[in-house]
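Heads up: the structure comes next, in structure tokens.
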Amino acid sequence: MAFENLLYAVENGICTITINRPDKLNALNLKTLDELRTAFSDAVSDAAVKGIILTGAGPKSFVAGADISEFSGLTADAGRTFAANGNAIFKAIELCPKPVIAAVNGFALGGGCELAMACHMRIASESAKFGQPEVNLGLIPGYGGTQRLTQHIGRGRATELLMTGDIINAQDAYRVGLCNYLVTPEELIPKCTEILQRIASKAPFAVAQIVKCVDAHYTDGVNGFDAEINAFGTCCGTEDFREGASAFLEKRKPVFTGK
Ligand code: COA
């Protein structure tokens, strides 16, 4: 697949999507956002892909935010359209039926922090830095940051970061639960790969149901417990459930097919 601003590679069941504008610290312009939508859709429909790593090119930045050079001339209405577009793409990433890990290799600011938070897990290298500095521009996050930061680190800490625009280092991000692991730069991709390979040995349908049920917890008007009951029943109707239960009783490793 040829992209202008992304690198896209599939190896051993893992798709690595790298935002590739290092001279702009991988800032998300509209073209890159659109390519992200396509890349995730491609990864979901490719049966060879079992999990996805999202990262940024170069040693300095995951994503340093939305591309500020595209902000000039945004009116109130255009701003709403701009935010709705990014929100929809990030929601699709959050609802990706295959596991998605953000490998945060540097600045994850503004839209970059929002993008990392839309992934199912975040692993940070020691050089990572997180923040929502939009308030410095007279703005607020527009790609879900006010909501997901509150979900991930709680209301008080999120409100402080949003109001001050402060940037926190990887240790503090780990301490407040914004990332699952904190590793050296060399360990970053291997750690993501190791987790995705373990998940790849599980039943893919069950993994996809976990994404849906966890999301239900955060979705207005949806009862997460009802969603879980329903998804549990659906899993019970799969061949993979029969295989998993039989393999346990026969003291062997299950072989899941996704059916
Ligand atoms: N949008 C557009 N361009 C950006 C960008 C963004 N969000 N973040 C960085 N860049 C560009 C810079 O303009 C610069 O481009 P240039 O070399 O053509 O001038 C290049 O990336 C390198 O950035 P620079 O600021 O020189 O690096 P630095 O190490 O001095 O500072 C940051 C790094 C991340 C602190 C700084 O770039 C920054 O504050 N970026 C904006 C962060 C932000 O507010 N994000 C939220 C946007 S809503």
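In listed order, ligands and their atoms are each counted from 1. When reading the values below, keep in mind they use all heavy atoms of this one structure, side chains included, and skip hydrogens, waters and symmetry mates.
For atom 48 (S) of ligand 1, the nearest protein heavy atom lies closer than 4.0 Å. Within a 4.0 Å radius of atom 21 (O) of ligand 1, the protein contributes one or more non-hydrogen atoms. Distance check on atom 7 (N) of ligand 1: some protein heavy atom falls below the 4.0 Å cut-off. At least one protein heavy atom sits closer than 4.0 Å to atom 43 (C) of ligand 1. Per-atom contact check: atom 26 (O) of ligand 1 does not touch the protein, criterion being a heavy-atom distance below 4.0 Å. Less than 4.0 angstrom separates atom 12 (C) of ligand 1 from none of the non-hydrogen atoms of the protein.
Note: L36 CG to L54 CG = 6.5 Å, rounded to the nearest 0.5 Å. Taking NZ of K253 as the reference point, atom CD of E243 lies at 13.0 Å (rounded to 0.5 Å). Atom NE2 in H120 sits 7.0 Å away from atom CD in E94 (nearest 0.5 Å).
Nearest non-hydrogen protein atom to atom 36 (C) of ligand 1 is L25 CD1, 4.6 Å. From the protein, the heavy atom lying nearest to atom 5 (C) of ligand 1 is A27 CB, 4.0 Å. Closest to atom 1 (N) of ligand 1, if we only count protein heavy atoms, is I68 N, 2.9 Å. Remark: minimum distance from atom 34 (C) of ligand 1 to any protein heavy atom is reached at L109 CD1, 3.6 Å. Nearest protein heavy-atom neighbour of atom 19 (O) of ligand 1: K24 NZ, 4.6 Å. For atom 17 (O) of ligand 1, the closest non-hydrogen atom on the protein side is D23 O, 4.4 Å. Protein heavy atom in closest approach to atom 2 (C) of ligand 1: D67 OD1, 3.3 Å.
If you number the atoms of ligand 1 from 1 as listed, the ones under 4.0 Å from a heavy atom of F71 come out as 48 (S). In the vicinity of E134, heavy-atom distances shorter than 4.0 Å reach the ligand 1 atoms 48 (S).
Residues that satisfy the side chain to side chain donor-acceptor pair (under 3.5 Å) test with D34, not counting sequence neighbours, are R37.
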Using distance only, find each side-chain donor-acceptor pair of residues 229-239 under 3.5 Å and give its atom names and separation, not counting sequence neighbours.
residue : atom : partner : partner atom : Å
T234    : OG1  : N230    : O            : 2.9
T238    : OG1  : C235    : O            : 2.7
T238    : OG1  : F241    : N            : 3.1

Mind running side-chain contact (heavy atoms from CB on, under 4.5 Å) on L162 and L149 for me, showing each step along the way? CA-CA 9 Å; L162 292 161; L149 193 61; 4.1 Å; yes

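Counting heavy atoms from C-beta outward, E35 and Y8 have side chains that stay 4.5 Å or more apart.
For the residue pair T18 / N20, no side-chain donor-acceptor distance below 3.5 Å is found, with atom types taken as modelled.
Residue nearest to atom 45 (N) of ligand 1, selected from G110, P22, A64, P141: A64 (by heavy-atom distance).
At least one donor-acceptor pair closer than 3.5 Å links the side chain of E187 to the backbone N or O of T184. Checking side-chain atoms of N105 against main-chain N and O of G56 turns up a donor-acceptor pair under 3.5 Å.
Neither the backbone nor the side chain of Y143 comes within contact range of ligand 1; no heavy atom lies under 4.0 Å.
By the rule that hydrophobic residues join a cluster once side-chain heavy atoms approach within less than 4.5 Å of another member, L188 and L109 end up as members of separate clusters.
By the 4.0 Å heavy-atom criterion, K60 is counted among the residues contacting ligand 1. For the ligand labelled ligand 1, residue L139 lies outside the 4.0 Å heavy-atom shell.
Under a 4.0 Å N-O distance rule, the pair K91/D215 qualifies as a salt bridge.
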